[in-house]
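Here's the structure we're looking at; comments come further down.
Keep in mind the model is a prediction, meaning the values are calculated, not measured.
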Amino acid sequence: MSLIHPTYQKEFRRAIGIVSLLTVLLLMVAVVPMPAAFHDVAHYLALHTVVETLSVITASVIFAVVWSSRQESLPRPLVLLGSTFLGVALFDFLHLLSYQGMPSFITPSSPEKSIYFWLLGRLLGGMGLLAAGLVSWQKRRVWVPLGLQVLGVLLFVSALSILYFGWPGWVPRMFLPGQGLTPFKVGAEYILILLYLVAAGLFVWRMRQERRFNAPDLFIAVCVMAQSEFFLTMYSRVTDGYSVLGHLYKIVAYIFLYRAVFSEAVQHPYDLLQDSREQMRATLDALPDLVLDMDLDGRYLSIHTSKVDTLAAPPERLLGRPVDEFLSTRNSQIVRGALHEAYAHGQSRGKILALVSKQVVRYFELSVARKTTVRGQTPQFAVISRDVTDRMKSEQALRTLSMAVLQSPQSIIITDRRACIEFVNEAFTRISGYTAAEVIGRNLRRLKPGRTPSATFRTMWAQLAQGNAWRGEWINLAKDGHEYIESVLIYPVRNVQGEVTNYLAHNEDITEARRAAEQIRSLSHYDQLTGLPNRQLLRKHCQGALDRGDPLAVLWIDLDHFKAVNDTLGHHVGDVLLQEMARRLRKALPETASVSRYSGDDFVVILPMSSQDDAARQAEALLATLYQPMHLADQEIYTSASIGVALHPDDAVEFDMLLKHAETAMYRAKSDGRHCVGFFTREMQTHVSRELLLGNALKQALQNQELFLVYQPQISFESGAVLGAEALLRWRSPQWGLVPPSEFIPIAESSGLIAPIGEWVLRTALRQLRQWQVQGLPPMCMAVNLSAVQFNRPGLGKQIQAILAEAEVPAGLLELEITEAVAMKSPEIAALRMEELAHMGVRFAIDDFGTGYSSLSYLKRFRLHKLKIDQSFVRDINLDPDDQAIATAIIQLSRSLGLRTIAEGVETFEQQEFLRANGCEEAQGYFYSKPLEAKAFTAFVQQMPSPSLARQAHASELK
Ligand code: C2E
Ligand code: MG
Ligand code: MG
């Protein structure tokens, strides 16, 4: 049994059962002697005729079933059975007609004749069944068409019939009346039995495989046929019981054969059809779509849907009605359009219906196919309506998303997992110059990297490989070759399973921002006027050397009298001068040196690895370079400078300290007469702290009455008399002793203390003058120095008027001294101020004349009384032709402006004589008197000749 495939086992068991039962019957019949009643069965002919008619009918039906089926879909053996059983039916029919007792037909009926046709029928049937066992049931294609097979069978039947009718003598004897069957006939029957048994074996053999055809019924048929033949070897009279049983077994065999053929040709295809219908129904049920049949007019012919509620109406209302009755005009037009398109082209796809239900729009996509129809019938269409609302919505969302990405102002690149570019947006093209077509498909790793360091890419890929985002910068090359900087955020994009499918890069062009930042950096690190580094950058430059403890020299360079240039020639000229000085410094210094503009007219130079001697040499060279004449505002300008030097690490180790020391050294150089180099010493440090302490002490000086005035007489060359006095401020500090005004007045000016102090000076000096008048001293002027702060303070006129009134001194006796720089800073305002005071009667003198840069036109406009030749020109006036020329020029200028001239710092007779000879009118200086306290001054004046006496003395002196 294990030989039999499980799909056959049940049927095979049943088949064995039936065959066994019939075999048992056969054996019983064979063993038990035939009862006499069956030796000659009554009405045998009628019985035979009925049985054989049934046989003929069954065999014909087998043929008819095969003939009327679609033969191309039938298995080959089945077609073979169909055609052979046509022959079997014909032979059986001839056998029926030829039976003993039947009317003669062509030749007289006889057992011989009927046996002949019987054997042929069995032979043909046996051959057909054997072939059915041999030929595969799987190959469906008919290799000899049924028609041809039928023709062959008909020829075979006709040929053998003609043979018999024409030449009966050729046929061996098979039945001898009275004797029974001949050995030929019995032998033929055994051969047939063998044939059937071989066929039975073949069918069993076929049942090893999965069920392909009704082999069990065929098996029963051939077994029973073999049994039938066995019975027919046994009869001795054609009418005995064995013959009857043989015929009955044959009909049983035919019935099973018919079952097999019918089940294969009709039942099996029908089952298949039923199956596929079931499947189709299941498929339709599983479909979320609405499946319809329609005609060309849009009439619903059939409806299939698992969701009836999505229909425009219940199916029974829709059937037979056209769509127009249920859908809007627009939607029914779309449906009809799709139907017509399918009619013309076989199918229509993609038409979308928009149906509104409960105020919600849902979209349906139509797929229409024309069905094959019998000619003349109205065309029908299979229509599938699919709800695509969600898809449309997600498509819309996707469209919005892709538009957003496409139009993003930031450049966006999307690559696949291997970094091949799949998408770039418009901004990418705008910024890089590359079109999408030029880069899509190219690998990001192989794109021209511009100047992005390869280490950047290495870190980037390493980050991405770990599934992390990377943020950084690319320096890219655009298609036209220009370079641009991008801030990049690149990150892996994952699918729902979490696998990386793409990389997405957002790039922002930050070239402009970077440039602006660079500019800001340069603004914050470089001096805009000269382009030199500022103090922060300078600090950076030398920080390394300072940290390492390398020797270096710091040179603090301050231009002498730069303020005067600025004040008198204007800021623009001052700026040009600074630029030129910066250029000269840069040019004169070695590459390794750093130059910076520190503030105003202060420059700082750092000389690395420099000894004191190197620094001194370099500083002297710089002084010479800076002093080269320069043509500015139609003038030759000589700019000297004072340089202070501090050394690292000897003087200080910190940058700020070094600078401070260099500055201190510079101040020393300034006080040493300018245009020279000073090195920092420890002693200077005490001086600096002294400045701070002095500043503090000065605050108390006024109320502690530590300030006092000294008066220096001003002598007339003409009369030799004392024409006036210059009030000079003194500070005697209990802590510091006598502090010179050159030291404390700048401190007072910078701290604002000069205002109360200046007022006190004015008041004290004028009171003193009043006192001298009261004491009967000859009438004199009082010269008082005004600082820039005082001169520029609003309300100066009123203040002076009050003080004059208070001291009861006429305004004409007060002479205010201002320097050129103060007067020329804002000449328009100065002119107005002088005008106001001059209107009151107060006189003005320009102090230290010749050291600044005066504009002649302003000098002319100022309400001046005197020019005071600076003592720097007087000092060497007898030796230096330059000083002589300058002094003479000042006197000439003064004269031409209608002013008086006074020389200060006259220490010798020769100086006095030169000045007098050149037209100077007055003088003050140690030659006549040092500045004196009031009492001493009174004494000095009293011992001087009166103006008239002096004149006489002077005249006699000349003689
Ligand atoms: P200045 O106004 O040019 O004063 C003249 C300076 O020359 C005085 O110095 C005076 O002592 C000095 N001097 C006079 N004759 C000779 C001489 O023959 N040889 C030498 N070598 N020097 C001579 P001092 O008193 O030290 O004053 C210095 C400066 O301080 C003054 O220069 C003035 O600008 C300022 N100053 C003095 N007192 C006052 C004041 O009350 N108010 C203001 N704002 N400044 C003052
Ligand atoms: Mg003065
Ligand atoms: Mg002076």
Side-chain angles (χ1 to χ4, degrees), residues 68-74 140-141 266 268-357 360-399:
S68 57
S69 301
R70 288 165 58 90
Q71 285 126 39
E72 61 273 15
S73 64
L74 293 182
R140 300 249 152 192
R141 259 189 46 221
V266 180
H268 184 58
Y270 180 76
D271 288 349
L272 285 180
L273 186 70
Q274 206 58 30
D275 271 6
S276 73
R277 275 200 178 167
E278 288 302 318
Q279 273 179 18
M280 174 81 98
R281 181 156 298 277
T283 311
L284 286 177
D285 283 346
L287 274 182
D289 308 330
L290 172 64
V291 182
L292 307 164
D293 280 333
M294 282 188 156
D295 64 11
L296 195 55
D297 296 330
R299 237 182 289 278
Y300 295 94
L301 301 180
S302 79
I303 298 164
H304 190 96
T305 177
S306 51
K307 294 185 239 162
V308 181
D309 54 324
T310 58
L311 291 172
E316 54 279 9
R317 266 191 58 209
L318 294 173
L319 285 172
R321 318 292 318 156
V323 280
D324 320 43
E325 292 183 17
F326 305 97
L327 300 185
S328 67
T329 319
R330 171 150 179 69
N331 283 330
S332 19
Q333 269 171 0
I334 292 172
V335 174
R336 280 167 182 278
L339 291 169
H340 279 94
E341 190 179 318
Y343 182 61
H345 306 293
Q347 62 175 26
S348 158
R349 292 202 193 285
K351 296 227 166 18
I352 304 277
L353 299 182
L355 301 180
V356 184
S357 152
V360 178
V361 185
R362 296 204 73 82
Y363 298 93
F364 294 86
E365 188 183 65
L366 297 180
S367 303
V368 183
R370 194 180 61 203
K371 288 182 158 184
T372 42
T373 42
V374 180
R375 195 188 297 265
Q377 263 185 10
T378 51
Q380 289 193 3
F381 301 87
V383 180
I384 296 178
S385 164
R386 171 163 296 182
D387 187 341
V388 290
T389 313
D390 293 342
R391 195 188 81 196
M392 297 272 286
K393 277 185 185 158
S394 62
E395 273 175 9
Q396 180 59 42
L398 215 65
R399 243 192 315 277

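P379 has its side chain within reach of F381: a pair of non-hydrogen atoms, C-beta onward, lies under 4.5 Å apart. Between I352 and F364, every side-chain heavy-atom pair lies at or beyond the 4.5 Å cut-off. Within the 4.5 Å cutoff, the side chain of S348 has no heavy atoms near those of the H345 side chain. Contact check for L301 versus Q380: side-chain heavy atoms found under the 4.5 Å cut-off. By the 4.5 Å heavy-atom criterion applied to side chains, D285 and H304 are counted as neighbours. Looking at K371 and D293, their side chains come closer than 4.5 Å, going by heavy atoms from C-beta outward. Side-chain contact check for L296 versus T378: every heavy-atom pair is 4.5 Å or farther apart.
The two atoms that bring L366 and S385 nearest to each other are CD2-CB, 3.9 Å, heavy atoms only. Scanning both residues, R370 and A342, for their nearest heavy atoms gives CB-O, 3.7 Å. Across all their heavy atoms, T389 and V361 have their closest contact at CG2-O, 3.8 Å.
Interatomic distance, T305 OG1 to L284 CG, rounded to the nearest 0.5 Å: 10.0 Å. Summarising the geometry, atom CZ belonging to R321 is positioned 10.0 Å from atom CG belonging to L318; distances are rounded to the nearest 0.5 Å. Distance CZ/R317 to OH/Y300: 10.5 Å, rounded to 0.5 Å. Here OG of S276 is found 11.0 Å from CG of D271. Values are rounded to the nearest 0.5 Å. Atom CE of M392 sits about 13.5 Å away from atom CG of L398, to the nearest 0.5 Å.
A donor-acceptor contact closer than 3.5 angstrom is absent between the side chains of Q274 and R277.
Y363 OH: 12 or fewer foreign heavy atoms inside a 6.0 Å radius. The number of heavy-atom neighbours closer than 6.0 Å to CZ of R336, taken from other residues, nucleotides and ligands shown, is above 12. Around CZ of R391, the count of heavy atoms belonging to other residues, nucleotides or ligands within 6.0 Å exceeds 12.
With sequence neighbours excluded, the residues that form a side chain to side chain contact (heavy atoms under 4.5 Å, CB included) with N331 are L327, S328, I334, L353, L355. By the side chain to side chain contact (heavy atoms under 4.5 Å, CB included) test, P315 is found to be paired with I303, V308, L311, residues two or more places apart in sequence or in another chain being considered.
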Apply side chain to side chain contact (heavy atoms under 4.5 Å, CB included) to the pair M294 and V323, showing each step before the final yes or no.
CA-CA 9 Å; M294 282 188 156; V323 280; 3.3 Å; yes
Check step by step if side chain to side chain contact (heavy atoms under 4.5 Å, CB included) holds for V368 and L339.
CA-CA 7 Å; V368 183; L339 291 169; 3.9 Å; yes
Side chain to side chain contact (heavy atoms under 4.5 Å, CB included) between R399 and Q396, worked out:
CA-CA 5 Å; R399 243 192 315 277; Q396 180 59 42; 3.1 Å; yes
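When atom types are taken as modelled, the side chain of R299 and the backbone of L319 share no donor-acceptor pair closer than 3.5 angstrom.
Between E341 and R349, none of the side-chain N atoms (NZ, or NE/NH1/NH2) sits under 4.0 Å from a carboxylate O, so this pair counts as no salt bridge.
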